[in-house]
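Notes follow once the structure below has been shown.
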Number of protein chains: 2
Amino acid sequence: MLYAVFMSAVLPPIPQSQEPVERPGLLQVGTAEEEPCLRADAARNRARLLEAAARLVAEHGAAGVTMEAVATAANVGKGTVFRRFGDRTGLLTALLDHSEKKFQAAFLSGPPPLGPGAHPAERLRAFGCALLRRSADELELQLAAEPSPERRFSVPARRVLFSHVALLLRQAAPHADAELLAHTLMGYLSPVLVHHLTRQCGMPLERLESGWCDLVDRMTATETGPPSAPH
Amino acid sequence: MLYAVFMSAVLPPIPQSQEPVERPGLLQVGTAEEEPCLRADAARNRARLLEAAARLVAEHGAAGVTMEAVATAANVGKGTVFRRFGDRTGLLTALLDHSEKKFQAAFLSGPPPLGPGAHPAERLRAFGCALLRRSADELELQLAAEPSPERRFSVPARRVLFSHVALLLRQAAPHADAELLAHTLMGYLSPVLVHHLTRQCGMPLERLESGWCDLVDRMTATETGPPSAPH
DNA sequence: AAGTTAAACGGACCTCGGTCCGGATCGTAA
DNA sequence: TTACGATCCGGACCGAGGTCCGTTTAACTT
């Protein structure tokens, strides 16, 4: 008993794991229908909520998307929003899900140079430029949908992008630490950086794109000499 | 009048600008004394608050550092905490300020290879490895002190690090877009990435250090061919 | 059609970051 | 020492995210 009290003070409260919340972001090959088999009322409310959220974004910007406001606008209880989307980040992510899947389809199975067929380095360049442009639109939502630091790298959508970059990088620079380089490249494409450079520093998107291509060239250049030891 | 109402709905509420809150992070060359000339009681409370905060971090981790808890532990009102440090991020940043200044001193005026005297590329390698090690300790605090996305690049401490990297980069790779490359490099050293790679992926710090040196080598390698056009 | 159950609902409730302002306190000038 | 004004203090207050749990309801069974 004492042990239980002690543990409960140290460990996270309870796994709980009833987990009815959806995990968007993965491109599913099969049915193009609605994600899971929701109960009729649940599906209806989900649609209402997404519509209401989109309207709020259009009217008051991402900052105006309060969980309570969305619930009210959708004529639904607050608890329902959280049950469906887990948290605010989940809701915002769901709003981005459509464009996300379109993008995944483009580089997974679309035409070259983004899709399969072109040389890896070429695909990398195209990938970055496309992602930069996508981030430039939707910037506000992308920023607002940024998850908390702990989860940032676990988000399915992000893992897909990362894996793709790592894969291309392994082909284009076989002797490098592709995983670390991929993280570096992904950092360059992150919405926060894009926001800072374009909105706060006023850089034109073209400069970011040139920078990306230069970056890819450096990453995939013929191998450097023997690696120098760390300090 | 209508105009005023309209504006007040669009613009941020009021500049307010009474701004008694401190701006830590800059290394001041002159007096090593306490930052501004605070009133006696203010200085006393500031010290109490920092001590209380540090104790809470030690006891319950960064997540246990609630503004109210800190205030209570310091026998001080909640408003006082905000008046002194602005917000939670400010308080956490203040906790890191000492180590921050030590680090700044090391690469601004310390002995080579970190400080002036060594070749730029060499200094860059040393800089990254040192920053990686510093982030590895203090990781929890660094993460908790991460500001909101909009301010992330405006924080003085971060600007100092960035400027330093950009400066060295301009020397080591004169023909590149040093600013963009510097942002890329800084991303590699960001606490969130370090946390993910070391804590969530279990990578040893040595691998991150090797990766950094490799990265620097690629950035400062002899110029690549003519830049390819963006896609 | 009635019964059963798992799922969904809704809103009261909690926590925590952040604001506000009347009142207490310090430093200084007379 | 007293008086005064700038600075600081404190805690009530607010908004928003997130949780909980008693109630309702869709879907399936008999």
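The figures here come from the full heavy-atom set of this structure, side chains too, leaving out hydrogens, waters and symmetry mates. Numbered from 1 within each chain, the chains take letters A, B, ... in sequence-line order.
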Spacing of L143(B) atom CG and L92(B) atom CG [to the nearest 0.5 Å]: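 CG of L92(B) is found 10.5 Å from CG of L143(B).
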
Residue mapping more 5' on DNA chain D - nearest nucleotide basis, E68(B) or A43(B):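 The residue whose closest nucleotide sits nearer the 5' end is A43(B).
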
To the nearest Å, give me how far apart [atom1] ([X]) and [atom2] ([N]) are.
X: L49(A); N: dC9(C); atom1: CG; atom2: C1'; answer: 12 Å
X: M67(B); N: dG11(D); atom1: CE; atom2: C1'; answer: 15 Å
X: L91(B); N: dG18(C); atom1: CG; atom2: P; answer: 11 Å
X: R83(B); N: dT7(D); atom1: CZ; atom2: P; answer: 9 Å
X: R88(A); N: dA16(D); atom1: CZ; atom2: P; answer: 10 Å
X: F82(A); N: dG10(C); atom1: CZ; atom2: C1'; answer: 13 Å
X: R46(B); N: dG10(D); atom1: CZ; atom2: C1'; answer: 20 Å
X: N75(A); N: dC9(C); atom1: CG; atom2: C1'; answer: 13 Å

Any R44(B) side-chain nitrogen or oxygen under 4.0 Å from OP1 or OP2 of dC8(D):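 Answer is no, no contact under 4.0 Å.
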
With a 4.0 Å cutoff (strictly under), does any side-chain N or O of N45(A) reach OP1 or OP2 of dA8(C)?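 For N45(A), the contact criterion (side-chain N or O under 4.0 Å from OP1 or OP2 of dA8(C)) is not met.
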
Parallel, tilted or perpendicular: which one describes the rings of H183(A) and H196(B), with boundaries at 30° and 60°?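 The arrangement is perpendicular - the two ring planes meet at more than 60°.
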
Quick one: sort the F107(A) and F127(A) rings into parallel, tilted or perpendicular, breaks at 30° and 60°.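 Ring orientation, 0 to 90° scale: perpendicular.
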
Taking the side chain of [X] as heavy atoms from C-beta outward, which of [options] is closest to it?
X: D41(A); options: dA26(D), dG17(C), dC8(D); value: dA26(D)
X: K78(A); options: dA12(C), dC8(D), dG17(C); value: dA12(C)
X: A40(A); options: dA26(D), dA8(C), dG18(D); value: dA26(D)
X: T80(B); options: dG10(D), dG27(C), dG10(C); value: dG10(D)

Is it true that R134(B) and S99(B) share a donor-acceptor pair across their side chains at a distance under 3.5 Å? yes

Distance to the ring centre below 6.0 angstrom and angle to the axis at most 45 degrees; does that hold for R158(A) and F153(A)? yes

Does R39(A) reach a base, just sugar-phosphate, or nothing at all? Heavy atoms under 4.0 Å. base

